[in-house]
Protein chains: 2
Amino acid sequence: MRYKLTVEYDGTKYHGWQKQKNARTVQEELETALLKLGIQTVTTASGRTDSGVHAKGQVVHFDGDVKIPLSSLPFAINAYLPEDIAVVKCERAADDFNARFDAKQKTYCYRLYVSRLRHPLFENNHYHVTGDIDLDKMKKAAKVIEGEHDFKCFEASGSTVTDTVRTVYEIKIETKKFIDCFEVEIYVTGNGFLYNMVRIIAGTLLYVGQGKLSVSDVENILKNKDRTAAGKTLPAKGLTLEEVVYERS
Amino acid sequence: MRYKLTVEYDGTKYHGWQKQKNARTVQEELETALLKLGIQTVTTASGRTDSGVHAKGQVVHFDGDVKIPLSSLPFAINAYLPEDIAVVKCERAADDFNARFDAKQKTYCYRLYVSRLRHPLFENNHYHVTGDIDLDKMKKAAKVIEGEHDFKCFEASGSTVTDTVRTVYEIKIETKKFIDCFEVEIYVTGNGFLYNMVRIIAGTLLYVGQGKLSVSDVENILKNKDRTAAGKTLPAKGLTLEEVVYERS
């Protein structure tokens with residue numbers, strides 16, 4: 001029987017999703033919890049999240065002969081998971097449902113806060129920006145990035161993906177003011193993402209906000225597929241996988 | 001010379017604001033950082049926050065012969081503070097400014113999230129509620145609590161305060177929906193608060209939301225000054241001191 005789990009985690013203490021030797025990973029914690037319930041299985045996620053990246057809605061499937069009723073299963077799994085990981089939804093899935101290949105749309109959020117001084121309550125899942133930024137310019141540049149493009153320019157080196165065309169459906173920038181500080185949330189929704197793509201998009205938008213790049217520079221970066229001209233890859237801790245959407249389950 | 005600092009902290013690892021023997025406190029960390037800058041002083045906060053309570057805008061004053069320019073001072077202090085505490089604003093104050101006695105208004109926020117299952121990304125600063133709650137009823141009960149009252153009914157035992165009349169200017173309840181979960185933020189603004197008052201108000205509103213108390217029960221609790229009839233004191237981790245307002249500095 002195949003199961004579909006939605007998993008939330010604070011990635012701070014993990015070397016990403018994928019199991020590896022000599023490092024603590026989310027996949028390993030989840031499979032260990034399942035094993036303690038008598039379910040020996042290998043889990044497949046919608047995608048690997050990098051070391052330090054968080055998730056509100058990571059989706060995972062696994063096959064198993066599960067004796068526990070579906071309504072009790074998430075509570076049973078959570079009892080064996082550490083505090084910073086939890087199953088937040090548990091469903092039966094079709095035998096050929098695949099959390100990775102059936103994913104039609106993903107939303108990531110990159111969070112930053114703008115303040116001269118550091119703010120402890122933001123530090124866990126935000127990147128700290130010290131100077132002023134121009135949000136209107138960032139929103140204009142975001143519009144340029146939306147749509148179907150060859151996103152080679154926003155891919156970290158070392159990837160073996162050959163087809164680098166993706167569609168970004170929407171980039172939504174939300175802001176909230178606090179005392180002496182404001183928060184910027186960059187929600188990026190697309191049909192798929194290249195390695196480090198959201199963190200490079202966030203870095204490029206930040207450069208636009210800081211005046212290091214113009215909106216037309218971003219147009220040229222996309223047109224010329226020029227990674228070296230784009231912004232830097234922002235740190236993992238600001239990134240959260242918010243939601244994965246499927247047409248079927 | 002007197003200085004006024006605005007301090008933000010994640011209270012998780014601290015036994016509250018006030019210095020005490022054999023326990024790590026925010027006041028001690030701050031005074032140790034000041035001492036490392038050659039400023040030996042005693043700090044006074046707008047109020048003591050309890051063990052585990054957070055602050056976005058705690059206000060503190062101290063006297064000191066400070067050689068560092070005002071614009072550099074917060075950076076200098078932060079360099080000696082742990083990651084979960086930071087000065088976010090630094091001002092000169094009048095010689096008779098008092099962070100405690102001059103505070104005219106304070107806003108606290110009590111945060112909770114409602115979900116059958118636990119959500120790791122909320123756990124640090126939210127209280128987890130598992131069943132459904134009726135927000136409309138909570139908002140009606142909040143209106144009953146607003147205003148000038150004898151808040152003896154919402155004071156933890158053991159306090160030595162004699163005048164228990166306070167004014168709650170506003171209770172604002174904000175909600176945000178997430179996948180399989182929603183967040184409730186209860187902002188309470190008043191001219192002052194009794195011991196555990198905000199956590200008891202939050203607990204009482206929660207009981208109303210859960211149907212354990214009615215709106216007219218809350219009216220009676222206030223009228224009869226009956227602590228035993230009010231809701232329980234909710235855990236410290238959901239509470240944040242958001243802002244302290246002064247008429248002068």
Side-chain angles (χ1 to χ4, degrees), chain A residues 5-14 26 29 54-59 71-79 81-91 107 109 111 113 115-125 128 130 174 176 178-181 183 185 237 240-245, chain B residues 5-14 26 29 54-59 71-79 81-91 107 109 111 113 115-125 128 130 174 176 178-181 183 185 237 240-245:
Chain A
L5 304 177
T6 306
V7 184
E8 180 172 316
Y9 46 88
D10 181 322
T12 309
K13 294 178 186 158
Y14 298 93
V26 179
E29 294 288 341
H54 316 291
K56 268 203 91 64
Q58 171 69 289
V59 175
S71 60
S72 309
L73 188 56
F75 295 96
I77 302 171
N78 287 350
L81 283 171
E83 276 194 0
D84 44 13
I85 306 178
V87 173
V88 295
K89 200 172 182 180
C90 189
E91 298 159 274
T107 298
C109 183
R111 293 181 170 84
Y113 74 95
S115 175
R116 285 175 63 239
L117 292 157
R118 68 180 170 83
H119 284 255
L121 297 181
F122 281 127
E123 275 297 319
N124 192 55
N125 61 343
H128 181 194
T130 50
E174 295 187 353
K176 196 172 172 185
F178 296 88
I179 316 169
D180 300 307
C181 165
E183 181 193 29
E185 295 184 314
K237 70 171 183 170
T240 303
L241 172 56
E242 296 282 330
E243 192 178 15
V244 188
V245 175
Chain B
L5 304 178
T6 305
V7 183
E8 181 173 316
Y9 46 88
D10 181 322
T12 309
K13 295 178 187 157
Y14 297 93
V26 178
E29 293 289 341
H54 316 291
K56 270 203 90 64
Q58 172 68 290
V59 175
S71 60
S72 309
L73 187 57
F75 296 96
I77 302 171
N78 286 350
L81 283 171
E83 277 195 359
D84 44 13
I85 305 176
V87 172
V88 296
K89 199 171 182 180
C90 189
E91 298 158 273
T107 298
C109 183
R111 293 182 169 85
Y113 74 95
S115 175
R116 284 176 63 239
L117 294 157
R118 68 179 169 85
H119 284 255
L121 298 181
F122 280 127
E123 276 296 320
N124 192 55
N125 61 341
H128 180 195
T130 51
E174 296 189 353
K176 196 173 172 184
F178 295 89
I179 316 169
D180 300 307
C181 164
E183 182 194 31
E185 293 184 316
K237 69 172 184 170
T240 303
L241 172 56
E242 296 283 329
E243 194 178 12
V244 187
V245 175

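Just so we're on the same page: letters track the sequence lines, and every chain starts at 1.
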A.B. asks: Sequence neighbours left out, what passes side chain to side chain donor-acceptor pair (under 3.5 Å) with B:Lys237? Give chain and number order.
C.D. replies: B:Glu123
A.B. asks: Could you tell me whether the side chain of A:Asp180 reaches within less than 4.5 Å of the side chain of B:Thr6, counting heavy atoms only?
C.D. replies: no
A.B. asks: So, taking the atom named NE2 in A:His119 and the one named CG in B:Asn78, what distance separates them when rounded to the nearest 0.5 Å?
C.D. replies: 9.0 Å
A.B. asks: Take atom CD of A:Glu83 as the centre, draw a 6.0 Å sphere, and report whether it contains more than 12 heavy atoms from other residues, nucleotides or ligands.
C.D. replies: no
A.B. asks: Quick check against the 3.5 Å criterion: does B:Arg118 have a side-chain atom that pairs as donor or acceptor with the backbone of A:Ala86?
C.D. replies: no
A.B. asks: Find the one option among B:Asp84, B:Val88, B:Leu81 whose heavy-atom pairs under 4.5 Å with chain A are most numerous.
C.D. replies: B:Val88
A.B. asks: Are any of the side-chain heavy atoms of A:Lys56 and B:Phe122 separated by less than 4.5 Å?
C.D. replies: yes
A.B. asks: For B:Leu121, is it the side chain, the backbone, both or neither that has a heavy atom under 4.5 Å from a heavy atom of chain A?
C.D. replies: both
A.B. asks: So, using salt bridge (charged side-chain N to carboxylate O under 4.0 Å, His left out) as the criterion, who are the partners of A:Glu29 when residues are at least two apart?
C.D. replies: A:Arg24
A.B. asks: Can you tell which part of A:Tyr9 gets under 4.5 Å to a heavy atom of chain B, answering side chain, backbone, both or neither?
C.D. replies: backbone
A.B. asks: Who among B:Thr240, B:Ile85, B:Asp10 has the most heavy-atom pairs with chain A under 4.5 Å?
C.D. replies: B:Ile85
A.B. asks: Roughly how far, to the nearest 0.5 Å, is the NZ atom of A:Lys89 from the SG atom of B:Cys181?
C.D. replies: 12.0 Å
A.B. asks: To the nearest 0.5 Å, how far apart are CD in A:Glu242 and CZ in B:Phe178?
C.D. replies: 8.0 Å
A.B. asks: Can you tell me how far apart CZ (A:Arg116) and OG (B:Ser71) are? Round to the nearest 0.5 Å.
C.D. replies: 7.0 Å
